[in-house]
Each structure stands twice: as structure tokens, then as C-alpha cells.
Amino acid sequence: MDAKAPITQDVLTIPRKAPEGPQNLIGLSREQMREVLIVAGTAEKQAKMRAGQIWQWIYHWGTRDFDQMTNLSKDYRAMLAETFVIELPEVVTRQISDDGTRKYLVRIAGGHEVEVVYIPETDRGTLCISSQVGCTLTCSFCHTGTQKLVRNLTAAEIVGQIMVARDDLGEWPVPGAPRDETRLLSNIVLMGMGEPLYNFENVRDAMKIAMDPEGISLSRRRITLSTSGVVPEIARTAEEIGCQLAISFHATTDEVRDRLVPINKRWPLADLLDALRAYPKVSNSERITFEYVMLDGVNDSDADAHRLIKLIDGIPAKINLIPFNEWPGAPYKRSSNNRIRAFADIIYRAGYASPIRKPRGEDIMAACGQLKSATERARKSKAQIAQEAGL
Ligand code: SAH
Ligand code: SF4
């Protein structure tokens, strides 16, 4: 199968409506749902109310069967069942790490697979979701970036990842039971496979569904979108999503960042920092998270730490140091613990919180930057990876 898999850097987006077969209600906005209900014969006057009812069944109660939507008439339910489906991506495998991290391999249309990771912590549970199959960008330290096959996920496939995780965690409310305020799945990070800002509309629509108060109801403060720095889309994220922003910063000079995060050649540090300065005000969000992967001898010197502080001066920020997660064939090594501590110390003394991200789920290859579809073996050669890393 793999030998025949198309090798392409083109990003395809599957149209929302499959050319044949019943339409999936998942992933539609409230307005789109209203429209499809009208097309299916619902009276215009009633369509908004019906959409609201169906919305609650799907996104609040987690219902997948039209027959259980008991505040709708039998005939109406039958019409829905004939015309529509409520369809989530299929979970192919689930692995549970010694530390409780769960990794799901999820299959989407076309037989593609993406990975979703659930990370339980004492005060929260974070779901790391994917926005693309693979990634068109080629950050030289990232495993996903070595995957050649790329396709954008639809809004349904993005919000579907949250829903299958809630299924697995048994987290849909039960009618009549008191509301459980301590959620197992309390936070979302768009830090799985793919560059979310290269799939802006679908990511935005999916996050709007996740934030809707009559459904999954996650606050925009509990959603963090991580980008490698697609500068023109950063302002749009502030305006149209308003979630928290994380930036894959990783270097303090254009020369090094060009090598680590090649999108830097298009939008260099100065442009990126301008966009980041404007973000908190427009989105009314708190601090921006600066992600910084610690690569031995590449970006981890004291001088880097001092430059980093200087560059982000004036931006409400927290810095997240990520010990490099190695993968087979990776052209870098993780900085030593002493080096990471020394770097963190400089940042801390400058007044920033500088947590060192604890790698989670390493035994199941679930750590940041390790995600890559196991079925997609159209890998670049080691030589190619090394060449792109400028080694
Ligand atoms: N494409 C987006 C989001 C996905 S990557 C982005 O780049 O921001 C999520 C985070 O993991 C990013 O900060 C990314 O730079 C980091 N990352 C990628 N590969 C890694 C690795 N091997 N070790 C540690 N962090 C890695
Ligand atoms: Fe893509 Fe992010 Fe990996 Fe870069 S770090 S290749 S942008 S997933």
C-alpha cells in the first residue's frame, strides 16, 4: 500500500459534503446546520430551533443516534436518520503509557491516519490534537516534518478528535446527573501533527464548535494553538478564534531559525515579533507561550538565553523549554540536563516563568514532535534530513 501512496506536498482539503451519501452533521457551524436542515425540508421558521436542539444532543450529550433525540418528533427523527449521519473518525489503536498518557491512532477519510494524545495531569487533562496529516513545513528537528504525504483535516475531523477522546474517557454527561465541573479533558492544544495556520478555516470552525457554550463548552482560555510562525494568519487567529497562542520560536537568530524552522526565511524574526506583539491586545488573551526546543550545541548557549530575553522584551510571555524528543534518524541531540537548567535559570532570573516541559508518553512515542503516522513510510532519507538541517 505504501509503495503506491501518492507522494505529494500539495495540501488537499476534502469538501465538507461528500459527493454521495448522507451528509455528516459533525463539523458544521450552527448556521450551516440550520441551512442543511432547511434543504432537508425543515420549515425555515423552525430551522434555528431544530438546529439548536440537534446541536445540544450531539455536542452536549454526545448522542450519535437520531432516535435518542427525544424532544424531536418520531417522523422528524426518521427524516434526519435518512438524510444525515453523525460520524466521527475511527479509532484504530489506543496505547496507554506507564505515565497515563494515551495515544490514539485515528483513521479519517481516504484511509489517512493522524495521532491524538491525551495527557492527564493533577489539575487538568490536555488533549493534543492534529490539524493536518503530516505537515508541508520541514522543521529539521520534527518527525512530522519528515512525512511527505499531507492533507488538511476537515472541521469534522478536527472536532471529531475531541469527541472520540471524550468517548474513551467516558466524559459525556448523563441526563439527570449533576454537572461535573472537574473535567478529565479540560484543555486542548493544537500541537499534534500539522501547521494549524495552514488550515485556518477548518481549525477555526472546529474550535468554534469546541467553544460553543451549549456543547463541548471549552473556554478559549483553555485552547492553545501552536504555530511555527505563519505571520499573516496570526492576526486572524486573534480576531477570529481568540484562543491562547504558542509560538515555536526555537532560535534567537535568523541564521539558526532559518535552519530549524524554515518558514523563518519567509517571515523572519522581526516580522514574527511584530505580529506577536499585537496578539494579546487583539485577542484579549493572556501570555504568549514561547516554545523552545533544546538542541545540544545548536540553540542552547547562555548567549541564546540572553538574546531570547531581549527579543521578547515587552511581550507578555511564558517560555516553555522542551527537551528535544529524539526520533530514529534525527539529526540533533537533546541538550544535557545541566545545560537546560542553566538556560532556564537565566530566563528565570529575567523574571519569566520557564517551565521545562516534562516529556510524557515517551514509551509510546507520544511526545511532542514524535507524532507521525506509522502507516506513512514515504520517509525522507537520513541524508535528506541532514541536508535540510544544514549539517
Ligand atoms: N506545527 C505547529 C504545531 C505542532 S508541533 C508548530 O510547529 O508549532 C508542536 C510543538 O512541538 C512545536 O513547538 C514543535 O516545534 C515541537 N516539536 C517538534 N518536534 C519536536 C521534537 N522532536 N522534540 C521536541 N519538540 C518538538
Ligand atoms: Fe510542521 Fe510544526 Fe513539525 Fe514544523 S514543528 S514540521 S510546523 S508540525
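The figures that follow rest on heavy atoms only: side chains count, while hydrogens, waters and symmetry mates do not.
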Decide, yes or no, whether a salt bridge links [X] with [Y] under the criterion of side-chain N to carboxylate O below 4.0 Å.
| X | Y | value |
| --- | --- | --- |
| Asp167 | Arg64 | yes |
| Glu171 | Arg183 | no |
| Glu291 | Lys318 | no |
| Asp67 | Arg77 | yes |

**Request:** Could you please spell out the steps behind the salt bridge (charged side-chain N to carboxylate O under 4.0 Å, His left out) verdict for Asp212 and Lys208?
**Result:** CA-CA 6 Å; Asp212 189 289; Lys208 287 239 147 107; over 6 Å; no

**Request:** Using the salt bridge (charged side-chain N to carboxylate O under 4.0 Å, His left out) rule, take Asp313 and Lys310 through it: C-alpha gap first, then chi angles, then the decisive distance, then the call.
**Result:** CA-CA 5 Å; Asp313 188 35; Lys310 244 189 165 156; over 6 Å; no

**Prompt:** Can you list every pair that meets ring-ring contact (aromatic ring centres under 6.0 Å, His included) and has a residue in residues 201-255, with sequence neighbours left out?
**Reply:** Phe141-His250, Phe249-Phe290

How about [X]: does its [atom1] atom have over 12 heavy atoms from other parts shown lying under 6.0 Å from it?
| X | atom1 | value |
| --- | --- | --- |
| Glu44 | CD | no |
| Arg277 | CZ | yes |
| Tyr352 | OH | yes |

**Request:** Could you tell me if the ring centre of Phe66 sits under 6.0 Å from that of Tyr76?
**Result:** no

**Request:** Return the set of residues passing salt bridge (Lys or Arg N to Asp or Glu O under 4.0 Å) with Arg236 (not counting sequence neighbours), or none when no residue passes.
**Result:** Glu201, Glu233, Glu240

**Request:** Check the pair Glu326, Arg334 against salt bridge (charged side-chain N to carboxylate O under 4.0 Å, His left out), reporting the backbone distance first and the verdict last.
**Result:** CA-CA 7 Å; Glu326 295 182 12; Arg334 178 184 291 188; 5.5 Å; no

**Asked** Has the side chain of Gln132 got a donor or acceptor atom that lies under 3.5 Å from a matching backbone atom of Glu195?
**Response**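 Confirmed, Gln132 side chain pairs with Glu195 backbone.
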
